[in-house]
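Reading through the structure tokens given below for one structure.
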There are 2 protein chains.
Amino acid sequence: MREKLEKYFSYVFEKELLDEIVQVGVYKKLRENEVLVDLGDKMKGIPLLLEGAIKIVREDKKGDEILLYFLERGDTCASSFASAISNGKCGIRAIAEKESEIIFLPKEKLDEWLVKYKSWRSFVIDSYNIRLNEMMETIDSLAFMRMDERLYKYLTDKAQIMRETSLNTTHQDIAYDMHTSRVVISRLLKQLENEGKIKLHRNKIEILEF
Amino acid sequence: MREKLEKYFSYVFEKELLDEIVQVGVYKKLRENEVLVDLGDKMKGIPLLLEGAIKIVREDKKGDEILLYFLERGDTCASSFASAISNGKCGIRAIAEKESEIIFLPKEKLDEWLVKYKSWRSFVIDSYNIRLNEMMETIDSLAFMRMDERLYKYLTDKAQIMRETSLNTTHQDIAYDMHTSRVVISRLLKQLENEGKIKLHRNKIEILEF
DNA sequence: TAAATTACGTGATTTCAATCACAAAATAAT
DNA sequence: ATTATTTTGTGATTGAAATCACGTAATTTA
């Protein structure tokens, strides 16, 4: 745990803070598709992502869902932070897109560290900002882009997060993330293939052009 | 300034912090439609909203815009906070929807107060959370709702923020905020009027049902 | 290996919103 | 008061996406 922590956080956190994290943090391995946070959960702390990729999804009453953004190593879940500190509920669901490793930090320390460590304050503020910006990008996509553009952005973004040029996914899964129907996705994927940007296989999409 | 500050923030901030705010804060009155923050601005501090209503808008390269959310008294602009602390640019525009009063807090104090005042930490974290939740609501609207539902939500939300049951606005203005065309808005407004939810006048919309 | 399930392909139709085109009413400017 | 501008109303058309309805291919399961 210490190694991984050093690897991605030694330039982010002060030595003393790293020590504290090692002491109180709980290491956890997530298997693919494991649900880390679910709608309405009360958070007992927040996760630091050491390795892997986590999908953050919003769901409404009717069960419709839409992808908000992905987290990658070095990230934390800003929604959890608020929820943890205020004892409120979390309005999102977090699912591991692939096997991932996290350190779970207990909420009792979160406020204490804000006082003690400048690096922690920066990290928290930065995290919020990154997340606000991601949300704005999502809003941009929904408000300004056509479905084919959104789809291509989805594919390239996800490939980047997953650090792969091929995605193992079905058309239906993409449709869920983008809140549209499988038929629409299938057609647009075929169109992207005809444009030479991707190559389609069963359960797999190769991205040829970024 | 002290009075207004006490009125909305005496239960939020400690006495010592209120004193500091009075010392370093710069009071400013905004006239209707005044631009408080523009795209790409570097923030030298953050605004506390004492009175009035401020619209936060996102704009893309092509000049298309969409409303993100409204701020009301007691609120602050979370986007500015990050931008101020990190010296980064602000991706939004803030416009006074009506005459408003703010206190501008210089960025030098923001981090210092995080260490000194528990109430400041809570306020900042809460602000971020409220904003994240507002953004999620905006995403919900865009992803899950039809235009007529979005429009009705827009009208009732705005009426609430403005503390009026009538809105002084044109169909075109609404169209800009919702990133659609005037024709679409006119038709849907007429439809809402036929349903008895609103009453239309020139430059004015009465909301009959909340 | 046969049957069931899952994933993908594609035509046809419908719906919601965007766009075009124009007219009428209200208000502001000269 | 006449003209110009702004705001609103509405028919007709187009376009993107959603939905319906199948068919086929690849995999799994029995």
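Per chain, numbering begins at 1; letters A, B, ... match sequence-line order.
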Separation of dA25(D) atom C1' from L200(A) atom CG, nearest Å, is 14 Å
Query raised in the report: Any donor-acceptor pair under 3.5 Å joining the side chain of R202(B) to the base of dT27(C)?
Result: no
- [ ] Classify the nucleic acid contact of R182(B) as base, sugar-phosphate or nothing, counting any heavy atom under 4.0 Å across all strands shown.
- [x] base
Worksheet item: Do K98(B) and N33(B) pass the side chain to side chain donor-acceptor pair (under 3.5 Å) test, and can you show the C-alpha distance, the side-chain angles, and the key distance before you say yes or no?
Response: CA-CA 7 Å; K98(B) 60 175 172 183; N33(B) 293 322; over 6 Å; no
Checking E59(A), E65(A), K89(A) against L39(A) for side chain to side chain contact (heavy atoms under 4.5 Å, CB included), the one that qualifies is E59(A)
Per-pair distances, 0.1 Å, donor-acceptor, side chain in residues 182-191 of chain B, under 3.5 Å, sequence neighbours excluded:
residue: R182(B); atom: NH1; partner: S186(B); partner atom: OG; Å: 3.0
residue: S186(B); atom: OG; partner: H171(B); partner atom: ND1; Å: 2.8
residue: S186(B); atom: OG; partner: R182(B); partner atom: O; Å: 3.2
residue: K190(B); atom: NZ; partner: E193(B); partner atom: OE1; Å: 3.0

When rounded to whole Å, the CG to C1' distance for the pair D148(A) and dG15(D) reads 13 Å
Scan S181(B) against the nucleic acid and name what it touches under 4.0 Å (heavy atoms): base, sugar-phosphate only, or nothing. base
inquiry  = Main chain of K153(A), side chain of T156(A): is a donor-acceptor contact present, judged purely on distance under 3.5 Å?
reply    = yes
### Message
So, does T180(A) get its side chain near the phosphate of dA18(D), meaning an N or O under 4.0 Å from OP1 or OP2?
### Response
yes
Rounded to whole Å, the NE2-C1' distance (H171(A) to dA26(D)) equals 13 Å
Testing dA7(C), dA17(C), dC20(D) for proximity to the side chain of T170(A), the answer is dA7(C)
Rounded to whole Å, the CG-C1' distance (L188(B) to dA17(C)) equals 9 Å
- Message: Categorize R146(A) for me: base, sugar-phosphate, or nothing, with a 4.0 angstrom heavy-atom threshold over every strand shown.
- Response: sugar-phosphate
